[in-house]
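Heads up: the structure comes next, in structure tokens.
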Amino acid sequence: MLILGIETSCDETAAAVVENGTKIISNIIASSQSLHAKYGGIIPDKAAREQLKAIIPTIKEAFIPSEVEGSRLDPSEIDAIGVTIGPGLIGSLLVGVETAKSLSLAWDKPLIPVNHLIGHIYANFILSEVEGSRSPKFPALVLIVSGGHSELVLMKNHGEFQYLGGTRDDAAGECFDKCARLLGLGYPGGPAIEKAAVAGKVKLPRPMINNDNLDFSFSGLKTALARRSLGEGGPALAYELQEAVTDVLVAKTLKAAKDFKVGSILLAGGVAANKRLREKMSEAVEKLDAKVDLFIPPFSLCTDNAACIASAAYFNNQPVTPTEVNAGPDFGIDE
Ligand code: KG4
Ligand code: ZN
């Protein structure tokens with residue numbers, strides 16, 4: 001089964017074709033990130049305008065399979081369309097949703113709405129050469145860490161998600177983005193912090209690390225960093241911020257994995273591209289008494305893309321009449 005995925009929730013315009021939810025046929029991403037870099041964050045109105053310019057060329061390119069030179073898929077070969085309906089920026093979401101609805105009606109193909117957060121999770125179901133044919137065992141614990149979300153979710157099966165805890169204020173990626181701006185490191189902040197980090201002596205708190213719950217709080221780190229930034233050196237602060245955020249993420253993920261006796265742990269979202277997080281999580285999971293498989297998506301599937309959306313649509317194949325599909329900027333994981 002071939003699914004065309006469309007993703008426009010933030011500043012990426014993405015389209016992809018995925019076979020049976022696991023094999024990428026094409027995966028195209030246009031980003032307006034460089035446009036936002038000079039403001040140190042996303043300007044929603046500008047992001048939506050860029051989505052409008054990029055959506056049709058991006059979808060057209062997704063019909064060219066990456067492995068077969070000179071060939072082009074025909075829309076008649078697609079079995080369904082999967083589209084991100086939220087959460088995200090409303091102006092950006094509308095571009096993808098309305099385009100997908102039009103294509104679904106024009107081509108007479110089923111339309112499958114996809115929650116963006118669930119889309120991120122499916123980065124772990126796309127089979128890569130690195131992972132071979134390994135796939136997650138249920139129940140699985142998922143840590144979704146992105147620019148807008150930091151959540152721990154119990155995945156009991158495809159389509160069965162239970163929210164366990166999450167941030168009470170800023171998301172992990174948002175914390176990186178805001179701190180990078182304070183340190184003058186540019187946008188997006190996560191990769192900039194990672195690149196600038198050099199170990200030093202400065203210490204930052206590990207918020208809520210010992211609390212008996214599965215919640216996070218990252219906004220205080222920004223304040224702590226702002227107080228220290230005078231004279232303490234950007235690289236050392238960048239390093240310590242990365243250590244603080246990743247320490248808390250690893251500790252709470254392991255607590256949840258033990259509490260719910262899961263068979264697999266899955267990382268998802270843009271912050272899952274962070275090398276320190278990947279390293280620390282791997283070391284911690286290896287030390288667990290119980291056998292738990294850790295899944296970490298390839299870098300390119302951590303940040304926003306449409307291959308994950310097509311995969312999520314395949315495994316949660318519940319088409320909706322196009323005229324009844326609406327964008328929802330505030331959707332949670334269980335909506
Ligand atoms: O998943 P994503 O592309 O978009 C959202 O759904 O939000 O995540 C973007 C976020 C940004 O906050 C960015 O700073 C962060 O992911 N990010 C990283 C890294 N790469 C992207 N954070 C830490 N380390 C990275 N290497
Ligand atoms: Zn995302």
Side-chain angles (χ1 to χ4, degrees), residues 5-14 27 29-34 36-37 40-42 44 47 51 83-89 92-93 96 114-124 142-151 153 166-167 170-183 185-197 218-219 221-222 238-250 266-281 296-309 311-312 329-333:
I6 298 176
E7 152 66 43
T8 64
S9 65
C10 193
D11 55 354
E12 272 87 20
T13 311
N27 189 17
I29 304 174
S31 174
S32 60
Q33 219 164 60
S34 56
H36 306 294
I42 295 170
Q51 298 279 10
V83 65
T84 302
I85 52 164
L89 302 170
S92 290
L93 284 168
V114 177
N115 179 301
H116 181 75
L117 299 174
I118 292 175
H120 270 303
I121 298 174
Y122 279 86
N124 293 287
V142 196
L143 173 69
I144 308 174
V145 266
S146 69
H149 295 268
S150 301
E151 304 194 351
V153 172
T167 187
D170 290 355
E174 185 179 4
C175 172
F176 279 130
D177 293 338
K178 288 179 175 169
C179 290
R181 190 156 51 182
L182 284 173
L183 295 172
L185 292 173
Y187 175 85
I193 297 261
E194 182 166 41
K195 204 165 148 213
F218 293 114
S219 68
L221 276 172
K222 174 188 63 199
Y239 179 89
E240 179 60 7
L241 176 73
Q242 185 174 246
E243 292 307 303
V245 172
T246 52
D247 277 350
V248 180
L249 292 175
V250 171
L266 322 182
L267 302 191
V271 180
N274 185 272
K275 293 197 199 75
R276 278 299 278 156
L277 177 63
R278 296 161 85 97
E279 226 168 71
K280 284 186 186 175
M281 195 69 81
I296 305 180
F299 291 104
S300 61
L301 296 180
C302 289
T303 43
D304 289 350
N305 68 85
C308 297
I309 303 305
S311 174
D330 302 318
F331 281 147
I333 188 108

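In listed order, ligands and their atoms are each counted from 1. Atom set for the values below is all heavy atoms of this structure, side chains included, hydrogens, waters and symmetry mates excluded.
- An N or O contact shorter than 3.5 Å links G270 to ligand 1 by distance.
- Polar contact with ligand 1: absent for T303 (N/O pair, distance under 3.5 Å).
- A donor-acceptor pair is defined here as one N or O able to donate and one able to accept, closer than 3.5 Å; no such pair exists between the side chain of Q242 and the backbone of L277.
- Which parts of ligand 1 touch A273 is read off a 4.0 Å heavy-atom cut-off, strictly below it: atoms 26 (N).
- At least one side-chain heavy atom of I144 sits under 4.5 Å from a side-chain heavy atom of I333.
- In this structure, P297 and C302 approach most closely via the heavy-atom pair O-SG, 3.8 Å.
- Nearest non-hydrogen protein atom to atom 24 (N) of ligand 1 is N274 ND2, 3.0 Å.
- Distances between N or O atoms of G269 and those of ligand 1 include no value under 3.5 Å.
- Panel note: side chain S92, backbone C10; a donor-acceptor pair is recorded below 3.5 Å.
- In this structure, atom 2 (P) of ligand 1 lies nearest to the protein heavy atom D304 OD1, 3.4 Å.
- When the Zn ion (ligand 2) is compared with the N/O/S atoms of H120, atom NE2 turns out nearest.
- For D177, every heavy-atom contact with ligand 1 shorter than 4.0 Å involves the side chain, none the backbone.
- The distance from the CG atom of D304 to the OG atom of S31 is 9.0 Å, given to the nearest 0.5 Å.
- The closest approach between H120 and ligand 1 falls below 4.0 Å for a heavy atom of the residue.
- Numbered from 1 in the order shown, with element, the atoms of ligand 1 that lie under 4.0 Å from a heavy atom of G173 read 12 (O).
- When side chains are defined from C-beta on, E194 does not count as touching R276, because their heavy atoms never get closer than 4.5 Å.
- In this structure, the protein non-hydrogen atom closest to atom 26 (N) of ligand 1 is E194 OE1, 2.8 Å.
- Within the structure, ligand 1 has G189 among the residues with a heavy atom less than 4.0 angstrom away.
- Not one N, O or S atom of H149 sits under 2.8 Å from the Zn ion (ligand 2).
- Judged by distance alone, the side chain of K178 and the main-chain N or O of G189 form no donor-acceptor pair under 3.5 Å.
- At least one donor-acceptor pair closer than 3.5 Å links the side chain of S150 to the backbone N or O of A172.
- Annotation for ligand 1: atoms under 4.0 Å from non-hydrogen atoms of G148 are 7 (O).
- Under the 4.5 Å side-chain criterion, counting only non-hydrogen atoms from C-beta, L185 is in contact with I193.
- Geometry about the Zn ion (ligand 2) gives an angle of 100° between OD1 of D304 and NE2 of H116, rounded in steps of 10 degrees.
- Heavy-atom separations between H116 and ligand 1 include at least one value shorter than 4.0 Å.
- Within the 3.5 Å criterion, the main-chain N or O of G332 finds a donor-acceptor partner in the side chain of N115.
- At distances below 3.5 Å, at least one donor-acceptor pair connects side-chain atoms of Q51 with backbone N or O atoms of E12.
- At under 3.5 Å, not a single nitrogen or oxygen of F176, backbone or side chain, sits near a nitrogen or oxygen of ligand 1.
- A donor-acceptor pair under 3.5 Å links the side-chain atoms of N124 to the main chain of I121, judged by distance alone.
- Protein heavy atom at the shortest distance from atom 23 (C) of ligand 1 is G190 CA, 3.4 Å.
- Taking atom 10 (C) of ligand 1 as the reference point, the nearest protein heavy-atom neighbour is G147 N, 3.4 Å.
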